[in-house]
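The analysis underlying the following values was restricted to heavy atoms, covering all of them including side chains, and did not include hydrogens, waters or symmetry mates.
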Amino acid sequence: MNRLRTALATAAAAALGLAALAAPAQAAAQPAFLAASQMPPSSTPWTATQIFPGVPENGGVLCAPYKIPAQNTRYREFSTELDTNGVQVTTVARTEADAVKLVDTLRKSLAGCGPLLERQNPGLHAVSAYHGKLAVEEGAWVYSLDTADPQIGSTDIHLFSVGRDGRTVTLVRWGQMGDLADAPLTGFRTTTKTAVNKLY
């Protein structure tokens with residue numbers, strides 16, 4: 001009887017040991033996301049939603065709608081009390097070559113977003129700008145979109161970044177009312193680096 005108890009205890013200990021080893025591996029399989037506190041500094045605190053499967057309701061994000069596949073994709077949205085908002089969308093491609101291709105597609109969409117929006121919305125003034133590459137993992141690229149609608153007297157500024165770590169691609173967007181001079185470009189670069197570094 002004592003031998004049976006010893007054998008059962010040994011088996012249970014081994015099972016717990018295997019479970020402990022398996023848990024980190026399973027956790028590492030899913031890319032990590034930004035926390036609310038890691039968004040660019042704001043005059044009111046950021047809040048973050050849970051992480052959802054798929055892409056946001058608009059098919060992705062402004063400037064790149066329906067470019068990111070819903071499969072193997074998750075996203076988290078961010079907001080403050082002053083209507084500043086953001087989103088991070090992360091997808092794991094089938095191969096690294098597919099991830100490279102997706103990054104190229106997203107970069108082209110972000111670079112050409114201003115002219116496209118002007119064609120789609122007569123009277124709207126929209127300017128896209130490229131703000132350079134960041135040295136993090138396989139790289140990250142930063143863009144802005146400055147829009148003004150004279151008919152309703154509104155101006156909005158958005159910052160975007162696309163980064164890659166192996167087969168995983170992440171896109172981060174930040175936006176609020178105002179223009180590029182009001183945007184925390186330096187803080188957004190830091191946020192982007194954090195987002196890519198946190199993936200794995």
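- Between Q88 and F78, the closest heavy-atom pair is N-CE1, 4.0 Å.
- Applying the salt bridge (Lys or Arg N to Asp or Glu O under 4.0 Å) test to every pair with at least one member in residues 179-190, sequence neighbours left out, gives no pairs at all.
- In summary, the side chains of T84 and Q176 do present a donor paired with an acceptor at a separation below 3.5 Å, with no hydrogens or angles considered.
- Between R94 and N72, the side chains place no donor N or O within less than 3.5 Å of an acceptor N or O (distance only, hydrogens not considered).
- The two residues V142 and Y130 have their closest heavy-atom pair at O-CD1, 3.4 Å.
- A distance of 4.5 Å separates OG of S43 from CG of L82, quoted to the nearest 0.5 Å.
- Residues N197 and T194 have side chains that never bring a donor and an acceptor to within less than 3.5 angstrom of each other.
- Panel note: side chain T49, backbone E77; a donor-acceptor pair is recorded below 3.5 Å.
- Partners of P65 by side chain to side chain contact (heavy atoms under 4.5 Å, CB included), not counting sequence neighbours: none found.
- Within a 6.0 Å sphere centred on NZ of K198, heavy atoms belonging to other residues, nucleotides or ligands number more than 12.
- Residue E81 comes nearest to T44 through the heavy atom pair N-OG1, 3.4 Å, listed as atom of the first residue, atom of the second, then distance.
- The CG atom of L159 sits 10.0 Å away from atom CZ of R173, with the distance rounded to the nearest 0.5 Å.
- Here the closest non-hydrogen pair linking A93 and D98 is CB-CB, 3.9 Å.
- Side-chain rings of Y143 and F160 stay apart, their centers remaining 6.0 Å or farther from each other.
- Every ring pair (Phe, Tyr, Trp, His ring centres under 6.0 Å) that Y75 has, sequence neighbours left out, goes to F52.
- Follow the hydrophobic side-chain contacts under 4.5 Å out from V55 and you reach V103 in the same cluster.
- For R164, the salt bridge (Lys or Arg N to Asp or Glu O under 4.0 Å) partners at least two apart in sequence or on another chain are E96.
- Smallest separation of non-hydrogen atoms from C63 and S109: O-CB, 3.2 Å.
- In this structure, M39 is not a member of the same hydrophobic cluster as I51, with clusters built from ILVMFWY side-chain heavy atoms closer than 4.5 Å.
- For the pair T190/P40, no side-chain contact is recorded, criterion being any heavy-atom separation below 4.5 Å from C-beta on.
- In this structure, S42 and T80 approach most closely via the heavy-atom pair OG-CG2, 3.7 Å.
- Partners of R107 under the salt bridge (Lys or Arg N to Asp or Glu O under 4.0 Å) rule, at least two apart in sequence or in another chain, do not exist in this structure.
- Note that the CG atom of L185 and the OG atom of S144 stand 7.5 Å from one another [nearest 0.5 Å].
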Let me check something: any side-chain donor-acceptor pairs from residues 110-127 under 3.5 Å, sequence neighbours excluded? List them with distances.
{"residue": "E118", "atom": "OE2", "partner": "A126", "partner atom": "N", "Å": "3.0"}
{"residue": "N121", "atom": "ND2", "partner": "L117", "partner atom": "O", "Å": "2.9"}

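- In this structure, the side chains of R74 and F33 come closer than 4.5 Å at one or more pairs of heavy atoms.
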